[in-house]
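Hydrogens, waters and symmetry mates are skipped; everything else that's a heavy atom, side chains included, is used. Residue numbers begin at 1 in each chain, while the letters A, B, ... track the order of the sequences.
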There are 2 protein chains.
Amino acid sequence: MDTGLRERKKTATRMALHEAAVRLALEHGPDRVTVESIADAAEVSRRTFSNYFAGKEEAIFYGDLVRLRRLLELVREQPGDEPPRAVLTTAAERLLAESDRLDPAWVAQRRLLRGHPSLAAHQVAAYAAMERDLTAELADRGLSGLRARVLAATFLAALRAATQHWLEHPDRGLAEWVAEALA
Amino acid sequence: MDTGLRERKKTATRMALHEAAVRLALEHGPDRVTVESIADAAEVSRRTFSNYFAGKEEAIFYGDLVRLRRLLELVREQPGDEPPRAVLTTAAERLLAESDRLDPAWVAQRRLLRGHPSLAAHQVAAYAAMERDLTAELADRGLSGLRARVLAATFLAALRAATQHWLEHPDRGLAEWVAEALA
DNA sequence: TGCCCACTGGGCAAACTTGCACGATGGGAA
DNA sequence: TTCCCATCGTGCAAGTTTGCCCAGTGGGCA
């Protein structure tokens, strides 16, 4: 972490844009939100928005990107001699443990954005990028190319499915659904 | 007023620095405050502080400067054929009317800063600058150079004296003291 | 006395933001 | 269809902030 003022302000601006984008998308619906209104809400010029995000979808899904990056980090910081599947399930457990998101706003957000065509494309793209990185990480841990690819793909698919399922059946905790899906 | 984003942010930064400077001076005493601590409190670099103010005293007295500038503005916007003394007293009345400063923080601030040598010098300088501008304005209204100078000087002196007096005898309103001093 | 150290003001380059302009895109009205 | 208009992405110049620098100042201490 760079504790410099410049770096902190950039992070703050990125977060302000992300949060403004999510809030406005929830308030008015994802397609009735303009880049300009997001920039205004974040106290920043329209041009500056473009310096941070390629489009409003990217701004909306920035939270997911952070989450996925954190997951990759959790995978990487585990010892190299662990069995790959254990590494993945442990990482998933820790991710859920450190972000106890019973935050109802987050749930509402996911519910609203789910299934929205232009947004879904971006979410898929984010997962695809993560799949690449995760595959590389697993290959570094000795798996063959094919096995790494398959494991990464199925792991992320299971994660996504469990989250989706949890949104529709919040009677049990997300962690339980994830555990079941990974098994 | 320029409603542009750039201009608004500059104003916000200047105000943040001014308010941080006053707050810290009140908390820790005027000389135990460093430029760096002011900049930190305003979420800005030490270098940026220097882009706005020449020193911490200037930052502390920026509020007074704004007040004095507003007074000059109130003088200027009055019709040119008014008697000069009436112009001044009217301007003073309006200034007091629009800023009903019974704000106890402001009083505490003035009490603390009053008499502090390094600060007093700057306050005097601010009044001197205003005296110049006010003299010029009065000269534009037809007064001879000497009369303009004297009227400006006595008017500002009366204002300052009334404020000072009010700080020590807050039993009557500031407006009353000012009215009496001007008479 | 001389030395150290915190604080300051300001030069400078690099990084960042803003404002503006221009072309591209797409939806809706004539 | 064709035209209009809102929105968008992006290049560019000007304005602003940051970080690093260094020299000057003044208080405290050996």
Side-chain angles (χ1 to χ4, degrees), chain A residues 1-25 27-62 116-122 125, chain B residues 1-25 27-62 65 116-122 125-126:
Chain A
M1 293 296 172
D2 190 324
T3 51
L5 179 58
R6 182 168 269 159
E7 225 54 42
R8 269 187 290 138
K9 284 197 170 180
K10 280 183 67 172
T11 304
T13 299
R14 194 182 298 277
M15 281 307 180
L17 284 169
H18 164 57
E19 281 161 19
V22 169
R23 183 172 59 77
L24 292 176
E27 276 176 19
H28 308 123
D31 10 81
R32 254 175 299 284
V33 176
T34 68
V35 167
E36 185 162 17
S37 66
I38 297 173
D40 285 354
E43 305 257 48
V44 130
S45 74
R46 182 173 76 90
R47 193 62 184 78
T48 294
F49 176 95
S50 292
N51 292 340
Y52 282 89
F53 298 109
K56 68 191 88 161
E57 298 84 1
E58 199 174 301
I60 292 174
F61 280 113
Y62 178 67
H116 217 282
S118 69
L119 296 181
H122 277 266
Chain B
M1 296 294 172
D2 192 322
T3 52
L5 179 58
R6 182 169 268 156
E7 225 54 42
R8 269 186 290 139
K9 283 197 170 179
K10 279 183 69 170
T11 303
T13 300
R14 193 181 300 276
M15 282 305 180
L17 284 169
H18 163 57
E19 282 161 18
V22 169
R23 182 172 59 77
L24 292 176
E27 277 175 18
H28 308 122
D31 11 78
R32 253 176 298 284
V33 176
T34 67
V35 167
E36 185 163 16
S37 66
I38 297 173
D40 285 353
E43 305 256 46
V44 131
S45 73
R46 181 173 73 90
R47 194 61 185 76
T48 294
F49 177 95
S50 290
N51 293 340
Y52 283 90
F53 298 109
K56 68 191 86 160
E57 298 84 2
E58 199 174 302
I60 291 174
F61 280 113
Y62 179 66
L65 178 60
H116 217 282
S118 69
L119 296 181
H122 278 265

### Task
Kindly check if the number of other-residue, nucleotide or ligand heavy atoms within 6.0 Å of CD (E43(A)) is above 12?
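No - once you tally the heavy atoms of other residues, nucleotides and ligands closer than 6.0 Å, there are 12 at most.
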### Partners passing ring-ring contact (aromatic ring centres under 6.0 Å, His included) against Y62(B) (at least two apart in sequence or in another chain)
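ring-ring contact (aromatic ring centres under 6.0 Å, His included) list for Y62(B), sorted by chain: H18(B), F53(B).
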Closest contact, heavy atoms only, [X] versus [Y]:
X      : Y       : result
F49(B) : A39(B)  : CB-CB, 4.4 Å
E58(B) : H122(B) : N-ND1, 4.3 Å
V33(B) : K56(B)  : O-NZ, 3.0 Å
A21(B) : A59(B)  : CB-CB, 3.9 Å

### Query
Where each residue is assigned the nucleotide of DNA chain D containing its nearest heavy atom, which of T34(A) and K9(A) is assigned the position nearer the 5′ end?
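Nearest nucleotide further toward 5': that of T34(A).
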### Task
Let me know, please, whether K10(B) or E57(A) comes out on the 5' side of the other along DNA chain D by nearest nucleotide.
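Looking at DNA chain D, the more 5' nearest nucleotide goes with E57(A).
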Just jot down the side chain to side chain donor-acceptor pair (under 3.5 Å) partners of [X], sequence neighbours excluded, or say none.
X      : value
S50(A) : none
D31(A) : H116(A)
T34(B) : S37(B)

Distance, rounded to the nearest Å, where [X] contributes [atom1] and [N] contributes [atom2]:
X      : N       : atom1 : atom2 : value
E7(B)  : dA14(D) : CD    : P     : 17 Å
E36(B) : dT18(D) : CD    : C1'   : 13 Å
L5(A)  : dC20(D) : CG    : C1'   : 14 Å
D31(A) : dA6(D)  : CG    : C1'   : 15 Å

### Query
Which nucleotide in the list dC8(D), dA14(D), dG19(D) gets nearest to the side chain of V35(A)?
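Of the candidates, dC8(D) comes closest.
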Every protein N/O within reach of nucleotides 26-29 of chain D N/O, cut-off under 3.5 Å:
none

### Task
Please list, by residue number, the residues of residues 41-54 of chain A whose heavy atoms come closer than 4.0 Å to an atom of DNA chain D; answer none if no residue qualifies.
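Output list: R46(A), R47(A), S50(A), A54(A).
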### salt bridge (Lys or Arg N to Asp or Glu O under 4.0 Å) against R47(B), all qualifying residues, sequence neighbours excluded
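Scan of R47(B) (salt bridge (Lys or Arg N to Asp or Glu O under 4.0 Å), adjacent residues dropped) gives none.
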### Query
From the 5' end of DNA chain C to its 3' end, which nucleotides mark the outer limits of contact with chain A, defined by a 4.0 Å heavy-atom distance cut-off (strictly under)?
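On DNA chain C, the outermost contacted nucleotides are dA14(C) to dA21(C).
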### Task
First locate atom CD1 of I60(B), then atom CD1 of I38(B), and finally report the distance between them rounded to the nearest 0.5 Å.
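One finds 6.0 Å between CD1 of I60(B) and CD1 of I38(B).
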### Query
Which pairs, with at least one residue in residues 3-24 of chain A and sequence neighbours excluded, count as a salt bridge (Lys or Arg N to Asp or Glu O under 4.0 Å)?
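For residues 3-24 of chain A: R23(A)-E27(A).
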### Query
Taking five pairs at each end of the helix from dT1(C)-dA30(D) to dA30(C)-dT1(D), what angle separates the two helix axes (nearest 10°)?
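One end's axis against the other's: 20°.
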### Task
List in chain and number order the residues that pass side-chain contact (heavy atoms from CB on, under 4.5 Å) with T48(A), two or more places apart in sequence or in another chain; answer none if no residue qualifies.
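T48(A) satisfies side-chain contact (heavy atoms from CB on, under 4.5 Å) with V44(A), S45(A), N51(A), Y52(A) once adjacent residues are dropped.
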